[in-house]
Amino acid sequence: MWRTAIGLTLSLFITTASAQEFQHEASPLFDSCGDGSYQRAVKDGITLGISPSPPYTSLDPATGKASGLDVEINEAALKWMGVSKIRYEVAPFGQLIPALLAKRIDTVSSNIHITPDRLKVVSFTGPAWWYGPAIVTQKGNPEKLTSFDMLKGKKIGAIAGSAADEYLRKIGADVVAFQTDAEEFAAISTGRVPAIVEDDVKVLEFLDANKSAPIEIVGNVKVPDELIFKYGYGYARYAVRKEDCSLRAAYTQALAETRGNGTVSAILKKYGLSNRNLFFFPL
């Protein structure tokens, strides 16, 4: 009898599992492998491009020392890759891809998401970690915004060149683009815009440091699948030039190894996050 029960349970499990269709946000990116980009990084070092955006990335002007969640993940991955010489260049987020294409930097190492526009010009590593988008309003949510659909036609703030910027333009919002986090948070705090769309991690960090800020995250907002799988709020990754395939392949495996051995989990927890931020689907 127990063999029959186990067999029935196993059969039901297989049927259920095979019926579920999993989506992929990235396609194979091995077009140009065989280049020398990885070996150059090992031999000559690498220049990482970051934007000033705590808690992800920042650079101390006095010491020149980079710090932050993404800095630590990048450095752990590069250590696994055998890349020991690391240089940093700091620029506003919207200027990082142009800097990459101009070869002033070798990677966009502030976390960056896959979007249709970005795929036209750069390539991406495998997943590093995950966070979600938040709709942020003034206290009390004066316009009673409860969904992303309600942002259409409204003046909404976002960081220039971000995934939020691209998605908001796609759905027909009147985007007010900001170059820095400080400008963006000032705009929503003073009511210059009725809402902004920003990373939940970044908003929570801001609210923790500015407990009297007159803003709030709108709760219980469903994130559209399109926003995750097409317009940029899937996994946080890093970007490289399309022709640097061997560097991308090495970086991707390095991130898989550092996720697999617990390093990324420890870094996330150091910054107040959890293993929930390893995956964008519920654990």
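Keep in mind that this is a model prediction, so the values were computed, not measured.
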Looking at [atom1] of [X] and [atom2] of [Y], how far apart are the two atoms once the value is rounded to the nearest 0.5 Å?
{"X": "L227", "Y": "T115", "atom1": "CG", "atom2": "OG1", "result": "11.5 Å"}
{"X": "L59", "Y": "K65", "atom1": "CG", "atom2": "NZ", "result": "9.5 Å"}
{"X": "D149", "Y": "K222", "atom1": "CG", "atom2": "NZ", "result": "10.0 Å"}
{"X": "L69", "Y": "S53", "atom1": "CG", "atom2": "OG", "result": "11.0 Å"}
{"X": "R104", "Y": "L96", "atom1": "CZ", "atom2": "CG", "result": "9.5 Å"}
{"X": "I73", "Y": "R259", "atom1": "CD1", "atom2": "CZ", "result": "9.0 Å"}

If every non-hydrogen atom of [X] is compared with every non-hydrogen atom of [Y], which pair is closest and at what distance?
{"X": "I159", "Y": "E198", "answer": "CG1-OE2, 3.5 Å"}
{"X": "P127", "Y": "L255", "answer": "O-CB, 3.7 Å"}
{"X": "R118", "Y": "I112", "answer": "NH1-CG1, 3.3 Å"}
{"X": "D244", "Y": "V240", "answer": "O-CG2, 4.2 Å"}
{"X": "A173", "Y": "L151", "answer": "CB-O, 3.5 Å"}
{"X": "A254", "Y": "A77", "answer": "CB-O, 3.4 Å"}

[X] (side chain) donor-acceptor with [Y] (main chain) under 3.5 angstrom:
{"X": "T258", "Y": "A76", "result": "no"}
{"X": "E216", "Y": "G140", "result": "yes"}
{"X": "Q138", "Y": "S189", "result": "yes"}
{"X": "S37", "Y": "L247", "result": "yes"}
{"X": "T57", "Y": "S51", "result": "yes"}
{"X": "S246", "Y": "D35", "result": "yes"}
{"X": "R276", "Y": "F279", "result": "yes"}
{"X": "D199", "Y": "P133", "result": "no"}
{"X": "K242", "Y": "K120", "result": "yes"}

With side chains defined as the heavy atoms from C-beta onward, is the minimum distance between [X] and [Y] less than 4.5 Å?
{"X": "L119", "Y": "F124", "result": "yes"}
{"X": "R241", "Y": "D106", "result": "yes"}
{"X": "E226", "Y": "Y167", "result": "yes"}

* Worked check of side chain to side chain contact (heavy atoms under 4.5 Å, CB included) between R192 and V176 -> CA-CA 10 Å; R192 179 181 165 191; V176 179; 4.0 Å; yes
* Test log, rule side chain to side chain contact (heavy atoms under 4.5 Å, CB included), inputs M81 and Q253 -> CA-CA 9 Å; M81 290 162 61; Q253 185 173 354; over 6 Å; no
Treating Ile, Leu, Val, Met, Phe, Trp and Tyr as nodes and any side-chain heavy-atom pair under 4.5 angstrom as an edge, say whether [X] and [Y] lie in one connected cluster.
{"X": "V223", "Y": "L204", "result": "no"}
{"X": "V203", "Y": "I188", "result": "yes"}
{"X": "Y233", "Y": "I135", "result": "yes"}
{"X": "Y271", "Y": "L268", "result": "yes"}
{"X": "V83", "Y": "V264", "result": "yes"}

* Name the one of N141, N210, I196, L207 that satisfies side chain to side chain contact (heavy atoms under 4.5 Å, CB included) with I215? -> L207
* Just wondering, more than 12 heavy atoms not from E89 lying within 6.0 Å of its CD? ->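 Not buried by this count: 12 neighbours or fewer within 6.0 Å.
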* State which residues pass ring pair (Phe, Tyr, Trp, His ring centres under 6.0 Å) with F185; sequence neighbours excluded, sorted by chain then number. => F206
* Walk me through it: do K154 and L145 pass the test side chain to side chain contact (heavy atoms under 4.5 Å, CB included)? => CA-CA 11 Å; K154 295 186 182 296; L145 300 173; 3.7 Å; yes
* Applying side-chain hydrogen bond (donor to acceptor under 3.5 Å, both in side chains) between Y238 and each of N111, T107, D70, report the one that passes. => D70
* **Modelled atom types, side-chain donor and acceptor of N261 and T263, under 3.5 Å** => yes
* **K230 with D225: basic N within carboxylate O range, under 4.0 Å** => no
* Sequence neighbours excluded - ring pair (Phe, Tyr, Trp, His ring centres under 6.0 Å) pairs with any residue from residues 47-77 ->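 As it turns out, the ring pair (Phe, Tyr, Trp, His ring centres under 6.0 Å) pairs with a partner in residues 47-77, which skip direct neighbours, are Y56-W129, Y56-Y131.
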* Which is it for Y251 and N74 under the side chain to side chain contact (heavy atoms under 4.5 Å, CB included) test, yes or no, and what are the steps along the way? -> CA-CA 9 Å; Y251 232 113; N74 273 278; 2.6 Å; yes
* Only one of K270, K269, K79 passes salt bridge (charged side-chain N to carboxylate O under 4.0 Å, His left out) with E72; say which it is. =>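 Among the candidates, only K270 passes.
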* Centroid-centroid distance, F280 to F229, less than 6.0 Å ->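 Between F280 and F229, the centre distance is under 6.0 Å.
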* Contacts of type side-chain hydrogen bond (donor to acceptor under 3.5 Å, both in side chains), residue S67, not counting sequence neighbours ->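 S67 satisfies side-chain hydrogen bond (donor to acceptor under 3.5 Å, both in side chains) with S58 once adjacent residues are dropped.
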